[in-house]
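In what follows, a structure is listed as structure tokens, so that the remarks can point back to it.
FYI, side chains are in, hydrogens and waters are out, and symmetry mates aren't considered; it's all heavy atoms of this structure. For clarity, every value in this text was computed on a predicted model and none was experimentally measured.
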Amino acid sequence: MKSLLKKYSHAWLLGYAFIYLPWFMYLEKTVTSNYHIMYIALDDLIPFNEYFIIPYLLWFFYVAGAIGFFFLTDVKSYYKLCTMLFTGMTISLMICTVFPNGTDFRPVIDPTKNIFAKTVSYLYAADTCTNVFPSIHVYNSICVHLAVIRSEGLRKHHLVKTASFVLMVSICLATVFLKQHSAFDGFGAMSMAYVMYYFVYAGNYEPSRKKVSEKAIG
């Protein structure tokens, strides 16, 4: 038992869930009116499409799967991913706390149309249209893909990196095609990910062995 606890001592970081979830649930219950509507003209050009519920829901497996994978195989990448995820998620909660926000353009869903529309109707019932900026779906998806492409262990797994990219893009698009978010929420998430990347990854750049060898020879 002692050796097991030592081997997985980095699990302490997952305790962040006990900070994030109560805070998020509190905002969901209290931010119900008098919030800032997030909207840009681009939102009017994006049609609703219920089929995007598939990548939207895959987000849960994408993020949890990445955390679990790096937790078990690459502690260094795990720490970087969690640092980027949890810092951004905290910033998002802080923004929503001091700047209550939401959307008001969810369409009326006919749940009898097909299984995808019915699932979207369940999503709308379970998740409010508040606390949307910046989009955590978009931000976390970008964080996971960055972890995948920066992983030394996945460096030669091009198919995995390609699949990750496609899923990341699909999830980001799903947020606006399902009318869960304004495109502005997505742009905000991208900007935050761009800044956080330099704090978490850019400062820890390690040149490849080939470049080091060539420099030594030169």
Side-chain angles (χ1 to χ4, degrees), residues 13-14 16-17 20-21 24 38 40 42-43 46 48-71 73-74 77-96 101 103 116 119-120 123-124 126-151 153-155 157-202:
L13 204 54
L14 300 179
Y16 174 73
Y20 179 81
L21 291 177
F24 178 76
M38 309 308 294
I40 56 175
L42 178 60
D43 296 323
I46 303 174
F48 171 80
N49 188 310
E50 69 269 20
Y51 295 106
F52 274 94
I53 190 64
I54 298 174
Y56 190 87
L57 294 180
L58 285 177
W59 172 83
F60 295 95
F61 300 97
Y62 186 48
V63 176
I67 293 175
F69 173 78
F70 290 118
F71 175 86
T73 64
D74 186 346
S77 293
Y78 160 81
Y79 270 115
K80 288 185 177 182
L81 173 59
C82 287
T83 297
M84 191 164 178
L85 285 174
F86 301 160
T87 302
M89 291 163 71
T90 301
I91 293 173
S92 177
L93 290 177
M94 292 173 63
I95 291 174
C96 292
N101 57 79
T103 61
F116 304 103
T119 306
V120 174
L123 172 66
Y124 282 5
D127 190 10
T128 71
C129 59
T130 58
N131 308 306
V132 296
F133 179 85
S135 169
I136 290 299
H137 254 67
V138 171
Y139 177 78
N140 283 4
S141 298
I142 295 173
C143 290
V144 168
H145 183 62
L146 288 173
V148 169
I149 63 176
R150 290 300 302 261
S151 169
L154 296 175
R155 184 167 57 89
H157 295 266
H158 302 296
L159 184 60
V160 172
K161 291 189 286 187
T162 299
S164 174
F165 176 76
V166 171
L167 184 54
M168 175 197 69
V169 172
S170 299
I171 292 171
C172 293
L173 291 176
T175 63
V176 290
F177 277 96
L178 291 179
K179 298 301 179 179
Q180 277 290 90
H181 287 274
S182 163
F184 190 69
D185 303 331
F187 293 142
M190 293 177 193
S191 299
M192 185 165 67
Y194 179 82
V195 173
M196 284 303 304
Y197 172 81
Y198 281 94
F199 280 102
V200 177
Y201 289 100

Looking only at heavy atoms, what is the nearest atom pair of [X] and [Y], with distance?
{"X": "Cys82", "Y": "Leu13", "answer": "CB-CD2, 3.2 Å"}
{"X": "Ala189", "Y": "Pro134", "answer": "N-CB, 3.6 Å"}
{"X": "Asp43", "Y": "Ala183", "answer": "OD1-N, 2.7 Å"}
{"X": "Ala66", "Y": "Val144", "answer": "CB-CG1, 3.5 Å"}

Audit row: Met192, Tyr197, side-chain contact (heavy atoms from CB on, under 4.5 Å) steps and yes/no | CA-CA 8 Å; Met192 185 165 67; Tyr197 172 81; over 6 Å; no

Between atom [atom1] of [X] and atom [atom2] of [Y], what is the distance when rounded to the nearest 0.5 Å?
{"X": "Leu81", "Y": "Cys143", "atom1": "CG", "atom2": "SG", "answer": "7.0 Å"}
{"X": "Ile67", "Y": "Leu85", "atom1": "CD1", "atom2": "CG", "answer": "5.5 Å"}
{"X": "Lys80", "Y": "Asp74", "atom1": "NZ", "atom2": "CG", "answer": "9.0 Å"}
{"X": "Ile149", "Y": "His157", "atom1": "CD1", "atom2": "NE2", "answer": "15.5 Å"}
{"X": "Met190", "Y": "Cys172", "atom1": "CE", "atom2": "SG", "answer": "5.5 Å"}
{"X": "Tyr78", "Y": "Thr73", "atom1": "OH", "atom2": "OG1", "answer": "12.0 Å"}

Closer than 3.5 angstrom, by distance alone: can the side chain of [X] be matched with the main-chain N or O of [Y] as a donor-acceptor pair?
{"X": "Asp127", "Y": "Tyr124", "answer": "no"}
{"X": "Lys161", "Y": "Arg155", "answer": "yes"}
{"X": "His181", "Y": "Val132", "answer": "yes"}
{"X": "Ser92", "Y": "Gly88", "answer": "no"}
{"X": "Asp185", "Y": "Met38", "answer": "no"}
{"X": "Lys179", "Y": "Ile46", "answer": "yes"}
{"X": "Asn101", "Y": "Phe133", "answer": "yes"}

Using the side-chain contact (heavy atoms from CB on, under 4.5 Å) rule, take Trp59 and Thr175 through it: C-alpha gap first, then chi angles, then the decisive distance, then the call.
-> CA-CA 11 Å; Trp59 172 83; Thr175 63; over 6 Å; no

Please report the C-alpha distance between Leu178 and Asn49 in whole Å, then the side-chain angles of each, then the deciding distance to 0.1 Å, and finally whether the side-chain contact (heavy atoms from CB on, under 4.5 Å) criterion is met.
-> CA-CA 6 Å; Leu178 291 179; Asn49 188 310; over 6 Å; no

After noting the C-alpha distance and the side-chain angles of Ile136 and Tyr20, does the key distance pass the side-chain contact (heavy atoms from CB on, under 4.5 Å) rule?
-> CA-CA 12 Å; Ile136 290 299; Tyr20 179 81; 4.0 Å; yes

Please examine the side chains of [Y] and [X], heavy atoms only from C-beta on, and report whether any two atoms are closer than 4.5 Å.
{"X": "Leu123", "Y": "Tyr56", "value": "yes"}
{"X": "Leu146", "Y": "Val200", "value": "no"}
{"X": "Val138", "Y": "Ile171", "value": "no"}
{"X": "Met84", "Y": "Tyr201", "value": "yes"}
{"X": "Phe116", "Y": "Ile54", "value": "yes"}

Is the Tyr198 ring parallel, tilted or perpendicular to the Tyr194 ring (thresholds 30°, 60°)?
-> perpendicular

Parallel, tilted or perpendicular, as decided by the 30° and 60° cut-offs, for the rings of Phe60 and His137 | perpendicular

Taking Phe86 as the fixed residue, which of Tyr139, Tyr79, Tyr16 is the one that meets the ring-ring contact (aromatic ring centres under 6.0 Å, His included) rule?
-> Tyr16

So, for Phe177 and Phe52, is the gap between ring centers shorter than 6.0 Å?
-> yes

Are a donor atom and an acceptor atom from the side chains of Ser164 and His145 found within less than 3.5 Å of each other?
-> yes

Under 6.0 Å from the CZ atom of Phe184, do we count more than 12 heavy atoms belonging to anything else shown?
-> no

